[in-house]
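Remarks on the structure that follows.
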Amino acid sequence: MTISGTKAASGSGRRLSLGVSAVSRTRAVAGSRAASRPAAGKAKTAVRRSASSRQGRRSGAGKPAAGRKPGAGSPARPLPGLKGALSVIITARNEADTLPGLLKQVERLSPAEIIVVLNGCTDYSYERSRLCRKAIIVHCPESAGHDVGRALGAKLSRGDILLFLDGDMNMPASKLAPFAHAVDGGVDVALNDLDGLLPPFGLSDNVTRCKLYLNAVLDRQDLGASSLTAVPHALSRRALECIGCRELMVPPKAHALALMKGLRVEKAGAVNVIKHNRLRESNTGAGNAVEQLIAGDHAEALHEVLRQRQPAVPQSPAGQLEERRRLAAWRNRI
Amino acid sequence: MSPGNHPEPYVSVIIPAMNEAGTIAGVIAEARKVHPRCEVIVVVNGSTDKTADIATAMGAKVLLFRQALGHDVGRSVGAEAAIGEILLFTDGDLPVTAAQLRPFVAAISSGADVALNDYSGPVRSARPHPVVLSKHALNLLLGRSDLKGCTLTAVPHALSRGALDVLGSSILSKPPLAHAQAVMAGLQVQTAQHVPVGKLNAVRRKRRGIDPLQGIVVQDHLEALARVLEHRGPRAGFSDGTRRREMVR
């Protein structure tokens, strides 16, 4: 794994290794300050942050409307109208075609930082992402698995508002801004509202059904099928701390945790991800691998819900039976 | 006068009934026509009308309980008393014909263990009724999304004697749990016939527009799901893909 970024604040051309055993091939990201850990001899994982300002070079692309001066991108500088610092986390798998466009749009949000997690990319995603000088790029050549990149990106982030995106979406900044603004205005979890896109339930896919069910079990039918499973969404720093970075790799579980912890979870914008999602062999057709994975994720979420709900004194079978008896009588007006 | 129950029945038809004097005669008459070797068992509970008298007069085995047994408890009681090879469950207020019931028996005869009503509930709106959603979700997490919203919750349905031996009769009072158990035990669970019970069901009393039973049914599905997770693990047996969870702590 390589973390490469262009940051005015960081040392130029510094190449640091994370304490990772190349033998076991386990790659640990210890935290956002991981880069400062001492080098380990055989580590494959490296963090590289080169200064961009020293070159005074601008890509020209994605120049914010506000007309920021070259090199003025202090990581803490908030977007006008946005009180908190924005971290944009983009996860991508072989999205060389869409990443440059998305990064341009993201730059228009004047984020404090952009973290691109490249997960098992074999195309030019890395090279293309590097054209965005602001981006900190985490490059995992070997796939880390579904949504692990979100957790990784979150762990590395420093902003007050975390906006999560996928590299396969090509989305104007105006569609992304509402999520960041919602969190800036006090929402903890700002979700994409998918309900306008839902087909009749009889025709819906298993993923949608899982999402509807989880929200129903958590007594949030009002959220419909909106969930942390879908991007774009944004989290407050508080939400991240409450939920825990690690849990983000199983988004429905993070979603359930957010609701059970009483965080403010709301729909914040409506972006048609179904239209923009890239179709792959693994995510098309009934019973596809992604669908199976997401079903398992929802099982995990429900497992957590049931675990936390277990009553201190479970109702006795006799008590249950009596309740049922009385209800049956009531329904039949006896 | 009806012929009465066969001494060596192949099919046992189990009919829980609570004040169904108006419909019970028709239900028993259709049940009788399902198979030549048939026993009809009517579980009369909490009834103040002539349901038991009518059933007795028609030669059914009547199990009489002064108090209401509770939702679906009649199924367990009826199954306990049944001696047939195939157990067919219906309801005293459900006007279904013998032609609609026979496919359930036929499915079990051909090797199925559990023959379900091919009825998923109303699915036209984008957001379904909580019970409909619960049934779909349970099947989905059982890895049987092909069954859609069809579960042992809905009658009519039929069980093989073998299925009853595996499940036991008491679990039948909690149909979602029985359903989950049947699938997890590797029993052959399939749909047999579409009987639109939503249209046929009697309209019941509601509290503020919601049938209070809804809460119990939703809760029963969650309990069934808890059992699935207990048996198959927190991911219900679904793959974690290529996730390397150790990468983030």
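Throughout, a chain's letter reflects where its sequence line sits, starting with A, and its residues are numbered from 1.
- Screening residues 168-177 of chain B for salt bridge (Lys or Arg N to Asp or Glu O under 4.0 Å) gives B/K174-B/E223 as the qualifying pairs, with residues at least two apart or on separate chains.
- Of the two parts of A/S204, neither the backbone nor the side chain holds a non-hydrogen atom closer than 4.5 Å to a non-hydrogen atom of chain B.
- In this structure the side chain of A/V148 never reaches within 4.5 angstrom of the side chain of B/R244, judged on heavy atoms.
- The six-membered or imidazole ring of A/Y213 lies away from that of B/H136, with a centre-to-centre distance of 6.0 Å or more.
- Of all residues spanning residues 247-255 of chain A, those with a heavy atom less than 4.5 Å away from chain B's heavy atoms are A/M249, A/V250, A/P251, arranged by number.
- A 4.5 Å side-chain heavy-atom check between B/T242 and A/E142 finds every atom pair outside the cut-off.
- Contact of A/V305 with chain B is not made at all, since no heavy-atom distance falls under 4.5 Å.
- Taking 4.5 Å as the limit, every side-chain heavy atom of A/P200 sits out of range of all side-chain heavy atoms of B/V123.
- With sequence neighbours left out, the side chain to side chain contact (heavy atoms under 4.5 Å, CB included) criterion links A/R307 to A/E304.
- Contact annotation for A/L306: only side-chain heavy atoms (C-beta onward) come within less than 4.5 Å of a heavy atom of chain B.
- Using a 4.5 Å cut-off between heavy atoms, A/A144 contacts chain B through both its backbone and its side chain.
- With a 6.0 Å radius and a threshold of 12 heavy atoms from other residues, nucleotides or ligands, B/K148 has its NZ atom at or below the threshold.
- Of the inter-residue distances, the one linking A/N119 atom CG with B/M247 atom CE reads 7.5 Å to the nearest 0.5 angstrom.
- Residue with the most contacts toward chain B among A/A225, A/A295, A/A216, A/A151: A/A295 (heavy-atom pairs, distance under 4.5 Å).
- The main-chain N or O of B/V248 is found under 3.5 Å from a side-chain atom of A/R246 such that the two form a donor-acceptor pair.
- Atom-to-atom distance recorded for A/L212:CG and B/S134:OG is 11.5 Å, nearest 0.5 angstrom.
- Two residues are said to be in side-chain contact when any heavy atoms from C-beta on lie closer than 4.5 Å; A/D195 and B/R127 meet this criterion.
- Contact check for A/H298 versus B/L140: no side-chain heavy atoms found under the 4.5 Å cut-off.
- With chain A as the partner, the residue from B/G143, B/S125, B/A236, B/P128 showing the most heavy-atom pairs under 4.5 Å is B/P128.
- Listed by first and then second residue, the salt bridge (Lys or Arg N to Asp or Glu O under 4.0 Å) pairs involving residues 208-227 of chain A are A/R220-A/D222 (not counting sequence neighbours).
- The CD1 atom of A/I294 sits 11.5 Å away from atom CZ of B/F238, with the distance rounded to the nearest 0.5 Å.
- How far CG of B/L222 is from CZ of A/R309: 6.5 Å, rounded to the nearest 0.5 Å.
- Heavy atoms of B/R245 lying under 4.5 Å from chain A belong to its backbone as well as its side chain.
- A donor-acceptor pair is defined here as one N or O able to donate and one able to accept, closer than 3.5 Å; such a pair exists between the side chain of A/K155 and the backbone of B/R249.
- Between the NE2 atom of A/H146 and the OG atom of B/S239 there is a distance of 11.0 Å, given to the nearest 0.5 Å.
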